[in-house]
Amino acid sequence: MYETVSFIHSWWAYLVVLVLIITVILSFVGLASKKDYGATDFRLALFTLITTHIQLLIGIVLYFVAPYFQAFGQVGMGGVMKDSTLRLYLVEHPLMMILAVILITIGYSKHKKKLTSRPKFKTLAIFYTIALIFMLSRIPWSAWF
Ligand code: HEM
């Protein structure tokens, strides 16, 4: 169970990071070039929302089946916070990823309510960029590559 979920979470992360980067770049391009917001922009923003939500669900399952979780019982919260690896997997990574997903969700729903192209691109650019920074800051890079 753990190996399977970990494998899916690890590979799905490539899709999440890739689509998020593409949406961020295209929202800045849209802003700078003053182009009209179109169906492709909407589909991309929605696809990013869906892929990150799926990753969130996989991550929550992984959290409880991963061996790291047993550390809470073995060394307690204090012990987890003192160990940088345990702190990353059990506290920092989940927290920052959940915040990133919240930002993407807020950004998506706010951009949908805007009526013209520029505010739509601007909202996406702000919320999705902060989400991307949060994500990149707490990905366990050494374990991933
Ligand atoms: C939504 C965006 C997320 C992204 C892009 C992401 C990405 C990643 C990546 C790249 C890894 C390393 C995989 C590897 O070692 O090959 C990882 C590991 C992990 N993630 Fe996430 N994650 C996300 C959300 C979450 C959430 C919300 C949780 C928990 C609530 C979570 C829990 C974990 C755990 C426990 C590991 C360690 C897995 C292991 O031991 O193999 N992740 N994540």
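Ligands are counted one by one from 1 in listed order, and the atoms in each one are counted from 1 as well. These figures come from a predicted structure and were not determined experimentally.
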Find out if a path of hydrophobic residues (ILVMFWY) with successive side-chain heavy-atom gaps under 4.5 Å connects Val65 to Leu56.
yes
Do Phe121 and Tyr37 have ring centroids that are under 6.0 Å from one another?
yes
Is a side-chain donor or acceptor of Thr123 paired with a backbone partner of Pro119 at a separation under 3.5 angstrom?
yes
CH2 of Trp11: more than 12 outside heavy atoms within 6.0 angstrom?
no
Within the supplied structure, the quantity of interest is the number of heavy atoms (other residues, nucleotides, ligands) at a distance under 6.0 Å from Phe7 CZ; does it exceed 12?
no
Apex atom 21 (Fe) of ligand 1; atoms His93 NE2 and His9 NE2; angle rounded to 10 degrees
170°
What is the closest protein heavy atom to [atom], and at what distance does it sit?
| atom | answer |
| --- | --- |
| atom 16 (O) of ligand 1 | Ser10 OG, 2.8 Å |
| atom 40 (O) of ligand 1 | Tyr2 OH, 2.7 Å |
| atom 12 (C) of ligand 1 | Pro140 CG, 3.5 Å |
| atom 29 (C) of ligand 1 | Gly59 O, 3.2 Å |
| atom 27 (C) of ligand 1 | Leu56 CD1, 3.6 Å |
| atom 38 (C) of ligand 1 | Leu62 CD2, 3.5 Å |
| atom 1 (C) of ligand 1 | Gln55 CG, 3.5 Å |

Do Arg138 and Leu95 come close enough that some side-chain heavy atom pair is under 4.5 Å?
no
Would you check if Val17 and Leu136 make a side-chain contact, meaning some heavy-atom pair closer than 4.5 Å?
yes
What do you reckon, does Thr52 have a nitrogen or oxygen under 3.5 Å from a nitrogen or oxygen of ligand 1?
no
Checking the N or O distance criterion of under 3.5 Å, is ligand 1 in contact with Ser6?
yes
Provide the number and element of each atom of ligand 1 under 4.0 Å from a heavy atom of Ala13.
7 (C), 10 (C)
Mark up the atoms of ligand 1 that fall under 4.0 Å of a heavy atom belonging to Ala143, in ascending order.
14 (C), 15 (O), 16 (O)
Look at Asp41 together with Lys120 and state whether they make a salt bridge at an N to O cut-off of under 4.0 Å.
no
Where do Met81 and Val91 come nearest, in terms of heavy atoms and distance?
SD-CG2, 3.8 Å
Relative to ligand 1, is Val101 under 4.0 angstrom through side chain, backbone, both or neither, heavy atoms considered?
side chain
So for Tyr68 against ligand 1, with non-hydrogen atoms under 4.0 Å, the contacting part is side chain
